[in-house]
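The structure appears below as structure tokens.
Letters A, B, ... mirror the listed sequences (proteins, then strands); counts begin at 1.
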Number of protein chains: 2
Amino acid sequence: MLRISKMTDYAVVLATHLAAADGAHAARDLALQTQIPEPTASKVLKKLARAGVVISQRGAKGGYALARRPEQIGINEVIEAIEGPIAVTECSDESTDSFCEYETNCGVRANWQRINLAVHRALSEISLADMAFPGTSELVSIALSGKDAERLRDAGTPSNDVH
Amino acid sequence: MLRISKMTDYAVVLATHLAAADGAHAARDLALQTQIPEPTASKVLKKLARAGVVISQRGAKGGYALARRPEQIGINEVIEAIEGPIAVTECSDESTDSFCEYETNCGVRANWQRINLAVHRALSEISLADMAFPGTSELVSIALSGKDAERLRDAGTPSNDVH
DNA sequence: GCATATGGGACTGAAACGGTCCGGTATACA
DNA sequence: TGTATACCGGACCGTTTCAGTCCCATATGC
């Protein structure tokens with residue numbers, strides 16, 4: 001199905017929610033607001049935190065907040081936080097040394113990487129801001145490459161306030 | 001992992017192989033040449049046939065051949081033949097009426113479809129010809145190791161020596 | 001010190017995946 | 001017309017992954 005797992009879906013919903021409502025929020029609140037079961041939401045948020053998409057504050061009055069501004073977080077980051085690196089096939093997964101033993105005759109390896117790259121770029125060109133505030137920069141973010149878009153948008157307050 | 005299943009990998013290998021060697025080939029031969037286990041290759045080819053990516057000829061001297069010219073077959077067709085429609089999440093899957101019951105507050109549905117579209121387009125822009133004869137397209141040189149491409153390109157009769 | 005909230009990991013039932021096998025049917029050719 | 005060949009359709013099964021829950025350790029604010 002080439003479908004993204006439910007967990008990843010949750011991750012996008014949660015991250016989008018955080019993008020729309022800035023500041024820190026407890027996992028429990030986020031779970032209630034998004035109607036995602038609380039333990040599951042918590043699990044997802046942990047992964048997002050470990051991947052650096054969100055930052056966490058432990059203890060009382062703690063919670064989660066986006067690690068960067070929504071415009072600076074690509075949807076690919078959210079997806080990769082849950083699913084691991086976007087490696088379309090084992091043989092195109094650089095991290096593992098699982099070697100396609102018939103690489104010589106399949107000759108497809110390099111092409112898979114190209115497919116992989118195409119998908120990766122398509123995903124990275126959609127930011128959390130696009131998700132949270134659709135319509136504002138819809139066409140722009142598609143037309144621009146990630147870097148250009150970033151430069152264009154870079155004019156605001158750099159850090160977020162996690163009180 | 002957002003990884004495409006092994007079956008789909010096989011499908012691309014087989015389709016690419018057919019693209020490089022035109023004419024009809026028995027499933028058994030294709031399996032041998034690509035070193036994919038025969039029953040599995042057969043299963044994949046059946047799906048490709050049903051999806052209209054390849055055409056099949058039954059009976060003695062039968063086999064499989066591409067349904068169209070390699071340039072006219074997008075890699076997305078091959079993937080969809082195996083994995084079904086590229087629907088990133090259930091809630092963005094139009095075919096099922098599985099309704100995101102908190103659509104009102106998640107508000108992400110339309111965005112998922114946009115992501116979906118981006119991926120779909122990225123995949124459809126790569127044809128089987130690009131896979132079978134890399135180098136004819138300019139983008140390939142980035143990701144290409146070169147060695148395999150040369151071998152593939154120079155293989156005049158691709159069905160024999162590929163072992 | 002206590003309530004609150006995240007971190008990490010173990011655990012489980014259900015579903016999907018990878019792979020195989022078999023009976024049925026269509027076709028070429030002797 | 002008979003037979004070998006080759007695809008068609010689906011059943012089957014062991015393994016892995018997925019979705020979801022639970023528990024305990026740890027950090028923090030009051």
Side-chain angles (χ1 to χ4, degrees), chain A residues 1-14 18 23-32 34-65 67 79 81-84 87 89-91 96 98 162-163, chain B residues 1-11 13-14 18 23-32 34-65 67 79 81-84 87 89-91 93 96 98:
Chain A
M1 251 250 265
L2 207 160
R3 83 171 197 290
I4 280 176
S5 71
K6 242 177 195 174
M7 286 300 188
T8 307
D9 188 14
Y10 292 158
V12 172
V13 170
L14 288 166
L18 277 175
H25 300 264
R28 176 182 176 79
D29 296 338
L30 291 170
L32 285 175
T34 56
Q35 303 199 20
I36 295 170
E38 191 190 328
T40 302
S42 174
K43 188 178 187 175
V44 168
L45 286 165
K46 285 177 202 171
K47 285 194 176 185
L48 287 177
R50 204 189 288 200
V53 175
V54 304
I55 54 178
S56 62
Q57 177 74 2
R58 297 176 70 166
K61 297 262 184 178
Y64 293 95
I79 294 175
I82 307 299
E83 313 225 354
T89 56
E90 289 173 26
C91 98
T96 79
S98 71
V162 194
H163 60 274
Chain B
M1 250 249 265
L2 207 160
R3 84 173 195 288
I4 280 177
S5 70
K6 242 177 195 174
M7 287 298 188
T8 307
D9 188 14
Y10 292 158
V13 170
L14 288 166
L18 276 175
H25 299 264
R28 177 180 174 80
D29 295 338
L30 291 171
L32 285 175
T34 56
Q35 302 198 20
I36 296 170
E38 191 189 329
T40 303
S42 174
K43 188 177 188 176
V44 169
L45 286 165
K46 284 178 206 171
K47 287 193 175 183
L48 288 176
R50 204 189 287 201
V53 176
V54 304
I55 53 178
S56 61
Q57 177 74 5
R58 298 177 69 167
K61 298 261 183 177
Y64 293 95
I79 294 175
I82 307 299
E83 314 225 351
T89 57
E90 290 173 26
C91 98
D93 185 358
T96 80
S98 70

Open item on the list: Please tell me if B:Ser5 has a side-chain N or O lying less than 4.0 Å from either OP1 or OP2 of C:dA16.
Closed with: no

- [ ] May I ask you to verify if any side-chain N or O of B:Tyr10 is less than 4.0 angstrom from the OP1 or OP2 atom of C:dC17?
- [x] no

Open item on the list: Could you work out how much the helix from C:dG1-D:dC30 to C:dA30-D:dT1 bends, comparing the axis of its first five pairs with that of its last five, to 10°?
Closed with: 20°

Can you name the atoms? Protein N/O to nucleotides 9-13 of chain D N/O, anything below 3.5 Å, with the distance.
unit_1 : atom_1 : unit_2  : atom_2 : d
D:dG9  : N7     : B:Lys46 : NZ     : 2.9
D:dG9  : O6     : B:Lys46 : NZ     : 3.0

- [ ] Report yes if at least one side-chain N or O of B:Ser42 is closer than 4.0 Å to OP1 or OP2 of D:dA6; otherwise report no.
- [x] no

Any N/O pairs under 3.5 Å between the protein and nucleotides 1-4 of chain C? List them or say none.
unit_1 : atom_1 : unit_2  : atom_2 : d
C:dT4  : O2     : A:Ala60 : N      : 3.1

Task: Close side-chain approach of A:Leu45 and A:Ser42, heavy atoms under 4.5 Å - done: no

Open item on the list: Counting only side-chain nitrogens and oxygens, does A:Ser56 get under 4.0 Å of the OP1 or OP2 atom of C:dA5?
Closed with: no

- [ ] To the nearest Å, give me how far apart CZ (A:Arg28) and C1' (C:dG7) are.
- [x] 19 Å

Task: Side chain of A:Thr40 - closest among C:dT20, D:dG20, C:dG19 - done: D:dG20

Open item on the list: Taking the nucleotide of DNA chain C with the nearest heavy atom to each, does B:Thr8 or A:His25 sit closer to the 5' end?
Closed with: A:His25

Open item on the list: Using every non-hydrogen atom in the two residues, find where A:Ala11 and A:Ile82 come nearest and quote the distance to one decimal.
Closed with: CB-CG1, 3.5 Å

Open item on the list: Counting only side-chain heavy atoms from C-beta out, which of C:dT6, C:dT20, D:dA19 sits nearest to B:Pro37?
Closed with: C:dT20

TODO: Whole angstrom is fine here: how far is it from CD in A:Glu38 over to C1' in C:dA5?
DONE: 10 Å

- [ ] Of all the heavy-atom pairs spanning B:Ile55 and B:Ala67, show the shortest one and how long it is.
- [x] CG2-CB, 3.8 Å

- [ ] Heavy atoms only: give me the nearest A:Gly23-A:Ala65 pair and the separation to one decimal.
- [x] O-CB, 3.5 Å

Open item on the list: Without decimals, in angstroms, what is the distance between B:Tyr64 OH and D:dA6 P?
Closed with: 12 Å

Task: Between D:dC18 (C1') and A:Asp9 (CG): distance, integer Å - done: 14 Å

Task: Length of the line joining B:Lys6:NZ and D:dT15:C1', which is rounded to integer Å - done: 12 Å

- [ ] Check the distance between C:dG8's P and A:Leu48's CG and give it to me in whole angstrom.
- [x] 13 Å

Task: Integer-rounded Å distance: C:dC17 C1' and B:Glu83 CD - done: 11 Å

Open item on the list: Let me confirm one number: the CE-OG1 distance from B:Met7 to B:Thr40, rounded to the nearest 0.5 Å.
Closed with: 5.0 Å

Open item on the list: What is the distance, to the nearest angstrom, from the CD1 atom on B:Ile36 to the C1' atom on C:dG18?
Closed with: 13 Å

- [ ] Looking only at non-hydrogen atoms, find the nearest pair between A:Leu18 and A:Tyr64 and report the distance.
- [x] CD2-O, 3.6 Å

TODO: Drop me the distance from A:Leu14's CG to A:Asp9's CG, to the nearest 0.5 angstrom.
DONE: 9.5 Å

- [ ] Compare every heavy atom of A:Ala31 with every heavy atom of A:Ala41, then report the nearest pair and how far apart it is.
- [x] CB-CB, 3.8 Å

Open item on the list: Could you report the tightest heavy-atom contact between B:Thr34 and B:Leu30, atom names first, then the distance?
Closed with: OG1-O, 2.7 Å

Open item on the list: With heavy-atom distances below 4.5 Å as the criterion, would you say the side chains of B:Lys47 and B:Val53 are in contact?
Closed with: no

